[in-house]
Q: 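Once you've had a glance at the structure underneath, I'll fire off some questions.
Bear in mind the structure is a predicted one, so any value in this text is a computation, not a measurement. Throughout, a chain's letter reflects where its sequence line sits, starting with A, and its residues are numbered from 1.
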Number of protein chains: 2
Amino acid sequence: MKIGQVSKKTDLPVQTIRYYETQNLIKSAGRTEGNFRVYDSKVIDQLEFIKHCRHLDLSLSDIKRINELRDNPNAVCEEVNELINDQVKMVKIKMKELRHLKTQLEALTDSCSNNQKVGDCGIIKSLQECDC
Amino acid sequence: MKIGQVSKKTDLPVQTIRYYETQNLIKSAGRTEGNFRVYDSKVIDQLEFIKHCRHLDLSLSDIKRINELRDNPNAVCEEVNELINDQVKMVKIKMKELRHLKTQLEALTDSCSNNQKVGDCGIIKSLQECDC
DNA sequence: TTTAATATCTATAGCCACTATAGAGTCAAG
DNA sequence: CTTGACTCTATAGTGGCTATAGATATTAAA
Ligand SMILES: [Zn+2]
Ligand SMILES: [Zn+2]
Ligand SMILES: [Zn+2]
Ligand SMILES: [Zn+2]
């Protein structure tokens, strides 16, 4: 299989697959005589795994770590657990920040009737005076 | 006032102030004979304005646009309004994504009892099989 | 068989909003 | 006069890609 076909099967851009190779998330592929990358079907699973991890917004270095752990199936999975728990924490923090942001932004929209002059616009005024 | 003092008053890193200058968010400052930037107190307000906009996660180009609009106090403020509304939309989208993420991550943590072997860990299995 | 289209290759730059570093110059206090 | 704090420019790094240029390889049609 060449990279274009891998790309179609995984729905990942060709560039991204090559990028993952440079980052050692997948092994360097073999090459044809003409220097084209050749893959066997295993890589599809590996890339799908990476994709799912990215869906969860895990960083590439986290994913690399998880892959390393997968290579030691007898190790205790505590570290995997911690990674996911940390991710949950991060998501919670981000959600909190976004809730705060939303409150502030909606207060801003309330302070403008949309047909004022810029000089009188409540949004602009609030941005000047905001004490956060 | 030199840049260090501006930095202290605004609590923005010196680098950031210089960066904002390169991005034309603030005008190029005057210079001393020794080529040090000199500011008058106006810049404090400008930087505070930028800071508050950044608190709302507005992009630097949005902020630049808002600054341009502020220079035309007689224009209608519709565009300011749109910028903020777009920002609210973005925040809502991100919140939705994060809620989805949180659900998935918490389902993952539930699928692992933390003391399994990596080979049996429900988290790893879920990441392999996930069909999202 | 020639040619044209498509696929692949590497290397490099761009995105965003900074942050960090190196190496040189400026200035004030002791 | 030296020390130290401050400032200057230029450059590279962050993360996770994405886009481009220019070269080479392969495939398909004419
Ligand atoms: Zn998935
Ligand atoms: Zn308004
Ligand atoms: Zn603020
Ligand atoms: Zn587990």
Side-chain angles (χ1 to χ4, degrees), chain A residues 1-26 28-39 43 46-67 83 86-87 90-91 93-94 97 101, chain B residues 1-26 28-39 43 46-67 83 86-87 90-91 93-94 97 101:
Chain A
M1 231 190 316
K2 280 183 288 183
I3 199 168
Q5 218 179 335
V6 175
S7 166
K8 265 178 205 154
K9 287 203 183 181
T10 58
D11 203 32
L12 285 169
V14 167
Q15 312 270 41
T16 301
I17 298 168
R18 286 199 282 246
Y19 176 67
Y20 286 163
E21 189 183 305
T22 69
Q23 302 310 111
N24 299 311
L25 279 156
I26 54 177
S28 298
R31 300 289 177 125
T32 65
E33 285 183 7
N35 200 32
F36 285 11
R37 285 172 181 81
V38 196
Y39 297 95
V43 84
Q46 289 169 15
L47 288 169
E48 293 290 349
F49 187 85
I50 295 170
K51 256 176 69 180
H52 298 325
C53 289
R54 291 294 300 135
H55 290 162
L56 301 172
D57 215 21
L58 292 167
S59 71
L60 296 191
S61 72
D62 281 352
I63 298 173
K64 216 153 109 184
R65 186 70 189 126
I66 295 177
N67 276 335
L83 276 176
D86 287 351
Q87 194 68 7
M90 260 197 38
V91 168
I93 291 170
K94 280 191 189 168
E97 285 171 0
L101 220 54
Chain B
M1 230 190 316
K2 277 182 289 183
I3 199 167
Q5 218 179 335
V6 175
S7 167
K8 265 178 205 154
K9 287 203 183 183
T10 59
D11 204 32
L12 285 169
V14 167
Q15 312 271 39
T16 301
I17 299 169
R18 287 199 280 247
Y19 175 67
Y20 286 164
E21 189 183 303
T22 69
Q23 303 309 111
N24 299 310
L25 278 156
I26 54 177
S28 297
R31 300 290 178 124
T32 65
E33 285 183 5
N35 199 33
F36 284 12
R37 285 174 182 80
V38 197
Y39 297 95
V43 83
Q46 290 168 16
L47 288 170
E48 293 291 348
F49 187 86
I50 295 170
K51 256 177 68 179
H52 297 325
C53 290
R54 290 294 300 135
H55 290 162
L56 301 172
D57 216 21
L58 292 167
S59 71
L60 296 192
S61 72
D62 281 352
I63 299 174
K64 217 153 109 184
R65 185 70 190 127
I66 295 178
N67 276 336
L83 277 176
D86 287 351
Q87 195 67 8
M90 259 198 39
V91 168
I93 290 171
K94 280 191 190 170
E97 286 172 358
L101 219 55

Q: Rounding to an integer number of Å, can you tell me how far A/Gln5 CD sits from C/dT6 P?
A: 18 Å
Q: Using a strict 4.0 Å threshold on nitrogen-to-oxygen distance, state whether A/Asp62 and A/Arg54 make a salt bridge.
A: no
Q: Indicate whether OP1 or OP2 belonging to D/dC17 is found under 4.0 Å from a side-chain N or O atom of A/Tyr20.
A: yes
Q: Counting C-beta onward and ignoring hydrogens, is there a side-chain heavy-atom pair between A/Leu12 and A/Tyr19 closer than 4.5 Å?
A: no
Q: Which is more 5' along DNA chain C, the nucleotide nearest B/Phe36 or the one nearest B/Leu60? Just name the residue.
A: B/Leu60
Q: Atom CG of A/Asn24 to atom C1' of D/dG15: distance rounded to whole Å?
A: 16 Å
Q: Tell me the interatomic distance from A/Ile26, atom CD1, to D/dG16, atom C1', rounded to whole angstroms.
A: 15 Å
Q: Could you say whether A/Thr16 or A/Gly34 is positioned toward the 5' end of DNA chain D, judged by the nucleotide with the nearest heavy atom to each?
A: A/Thr16
Q: What is the distance, rounded to the nearest whole Å, between atom CD of A/Glu33 and atom P of C/dA7?
A: 22 Å
Q: Could you check which of C/dC9, C/dT19, D/dT7 has an atom nearest any side-chain atom of A/Arg31?
A: C/dC9
Q: C/dC15 C1' sits how many Å from B/Gln23 CD, rounded?
A: 12 Å
Q: Check this for me, if you would: do B/Glu21 and B/Arg18 make a salt bridge, where the nitrogen-to-carboxylate-oxygen distance has to be below 4.0 angstrom?
A: no
Q: Pick the nucleotide of DNA chain C nearest each of A/Lys2 and B/Ser61; which residue has the one closer to the 5' end?
A: A/Lys2
Q: How many whole angstroms separate atom CD of A/Gln15 from atom P of C/dG14?
A: 16 Å
Q: Out of C/dC9, D/dC8, C/dT19, which has the shortest distance to the side chain of B/Pro13?
A: C/dT19
Q: Output the rounded distance in Å from CD (A/Glu21) to C1' (C/dC9).
A: 12 Å
Q: Once you round it to whole Å, what is the distance between C1' of D/dT11 and CZ of B/Arg18?
A: 13 Å
Q: As a test of reading the structure: which of C/dT21, C/dC9, D/dT7 is closest to the side chain of A/Asn35, going by heavy atoms?
A: C/dC9
Q: I want to check one thing: is the phosphate of D/dT9, taken as OP1 and OP2, less than 4.0 Å away from some side-chain N or O of B/Arg37?
A: yes
Q: Of the non-hydrogen atoms in A/Thr10 and A/Lys51, which two are nearest, and what is the gap between them?
A: O-NZ, 2.7 Å
Q: Kindly say whether B/Asp57 contributes a backbone atom to a donor-acceptor pair with the side chain of B/Gln87 at under 3.5 angstrom?
A: yes
